[in-house]
Amino acid sequence: MKKSLLRAAIVHGSKVVAADGGVRAVLQEGLMPDAVIGDFDSISDGDRARVPAARVHHVAEQDSTDFEKCLARIEAPLVLGVGFLGGRLDHQLAVLHGLMRFAARPCLLIGARDIVFLAPPELRLDLPAGSRVSLFPMAEVAARSEGLRWPLEGLDFAPGRQIGTSNQATGPVRIVTDRPAMVIILPAERMPEAVAALSAPTAPRWPSR
């Protein structure tokens with residue numbers, strides 16, 4: 001039986017936080033979340049009742065998504081997000097917005113086919129040659145690279161102007177960006193390398209806004 005994305009993710013973590021109605025998926029895996037965070041517009045009364053009250057954190061404001069509510073309150077070297085890719089497109093775009101809004105909180109989104117994260121100021125990935133490395137700018141951003149088939153330096157990255165779909169690693173990769181606005185997309189099987197790179201104690205971080 002193929003391991004679920006949640007089970008694959010918790011190999012790399014010690015705590016499980018459910019975003020609002022996402023608690024159902026956690027409970028269905030036979031797990032008890034360490035916390036449930038959200039405005040609770042999608043959690044059922046039954047699921048909420050199964051979680052100890054001290055672990056339930058209601059955030060009523062409507063100026064942020066449940067994903068953002070979680071990022072704002074989780075302190076960890078790296079957050080692994082499961083269930084945020086592959087559904088409604090507007091929800092996925094909102095999650096990318098959340099990555100930028102909370103750029104100081106490293107977060108790796110895990111999907112069935114891809115993993116997605118916001119590039120830190122400097123990223124070092126130990127990838128095998130031929131690995132797909134796609135880059136999508138969320139705003140104007142300058143980048144330079146080592147270890148990519150098509151170097152990034154000198155390209156005018158911006159939505160509607162220049163993107164970096166289906167680049168390839170020629171070996172270990174180094175990517176430097178000048179602002180928190182470049183989304184990196186890798187094949188799902190490269191999750192261990194991405195976790196190692198993003199959670200390293202010496203990994204550069206964007207400052208808090």
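Hydrogens, waters and symmetry mates play no part in the numbers below; they use all other heavy atoms, side chains included. All residue numbers in this chain count up from 1 along the given sequence. None of these values were measured; they are calculated from a predicted model.
Closest non-hydrogen pair, Phe117 versus Leu186, comes out as CE2-CD1, 3.9 Å. The minimum heavy-atom distance between Trp150 and Asn167, with the atom names listed, is O-ND2, 2.8 Å. Of all non-hydrogen atoms in Gln162 and Phe157, the two that sit nearest each other are O-CD2, 3.5 Å. A pairwise comparison of heavy atoms in Gly111 and Ala188 identifies O-CB, 3.8 Å as the closest pair. When all heavy atoms are compared, the tightest approach of Cys70 to Ala18 is SG-O, 4.3 Å. When all heavy atoms of Leu118 and Pro180 are compared, the closest pair comes out as CD2-CB, 3.9 Å.
Side-chain N or O atoms of Gln92 include one that pairs as donor or acceptor with a backbone N or O of Gly87 at under 3.5 Å. The main-chain N or O of Gly21 is found under 3.5 Å from a side-chain atom of Ser42 such that the two form a donor-acceptor pair. In this structure, the side chain of Glu153 does not engage the main chain of Pro151 through any donor-acceptor pair within 3.5 Å. Proximity of a side-chain donor or acceptor of Arg179 to a complementary backbone N or O of Glu140 within less than 3.5 Å is detected. With hydrogens and angles ignored, the 3.5 Å screen pairs a side-chain donor or acceptor of Ser199 with a backbone N or O of Val195. Panel note: side chain Ser145, backbone Leu152; a donor-acceptor pair is recorded below 3.5 Å. No donor-acceptor pair under 3.5 Å is formed between the side chain of Thr177 and the backbone N or O of Ala142. A donor-acceptor pair under 3.5 Å is absent between the side-chain atoms of Thr170 and the main chain of Arg149, judged by distance alone.
To the nearest 0.5 Å, atom CG of residue Asp20 and atom CG of residue Asp47 are 10.5 Å apart. Leu5 CG to Met191 CE: the interatomic distance, rounded to the nearest 0.5 Å, is 8.0 Å.
Grouped by direct or indirect side-chain proximity (heavy atoms under 4.5 Å, Ile/Leu/Val/Met/Phe/Trp/Tyr only), Val51 sits with Val23, Leu27, Met32, Val36, Phe40, Ile43, Val56.
Contacts classified as salt bridge (charged side-chain N to carboxylate O under 4.0 Å, His left out) and involving residues 28-40 (residues at least two apart or in different chains) are given here: Arg7-Glu29. Screening residues 69-92 for salt bridge (charged side-chain N to carboxylate O under 4.0 Å, His left out) gives Glu61-Lys69, Arg88-Asp90 as the qualifying pairs, with residues at least two apart or on separate chains. Annotation: side-chain hydrogen bond (donor to acceptor under 3.5 Å, both in side chains) contacts involving residues 100-126, sequence neighbours excluded, comprise Glu68-Arg101, Asp114-Arg132, Glu122-Arg124, Glu122-Arg174.
For Arg24, the CZ atom sits in a loose shell: 12 or fewer heavy atoms of surrounding residues, nucleotides or ligands are nearer than 6.0 Å.
Looking at residues two or more places apart in sequence or on another chain, you find no ring pair (Phe, Tyr, Trp, His ring centres under 6.0 Å) involving Phe102. The ring pair (Phe, Tyr, Trp, His ring centres under 6.0 Å) search around Phe84 returns Phe67, not counting sequence neighbours.
You'll find the side chain of Leu127 stays beyond 4.5 Å of the side chain of Pro172, heavy atoms only. With a 4.5 Å cut-off on side-chain heavy atoms, Asp178 and Val141 count as touching. Side-chain atoms of Leu6 and Leu31, non-hydrogen and from C-beta on, do get closer than 4.5 Å to each other. At a threshold of 4.5 Å between non-hydrogen side-chain atoms, the residues Val79 and Leu108 do not count as touching.
A side chain to side chain contact (heavy atoms under 4.5 Å, CB included) with Asp66 is found for exactly one of Asp41, Ile37, Val59, namely Asp41.
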Next item on the list: Check step by step if side chain to side chain contact (heavy atoms under 4.5 Å, CB included) holds for Val116 and Leu96.
Entry: CA-CA 9 Å; Val116 180; Leu96 296 183; 4.0 Å; yes
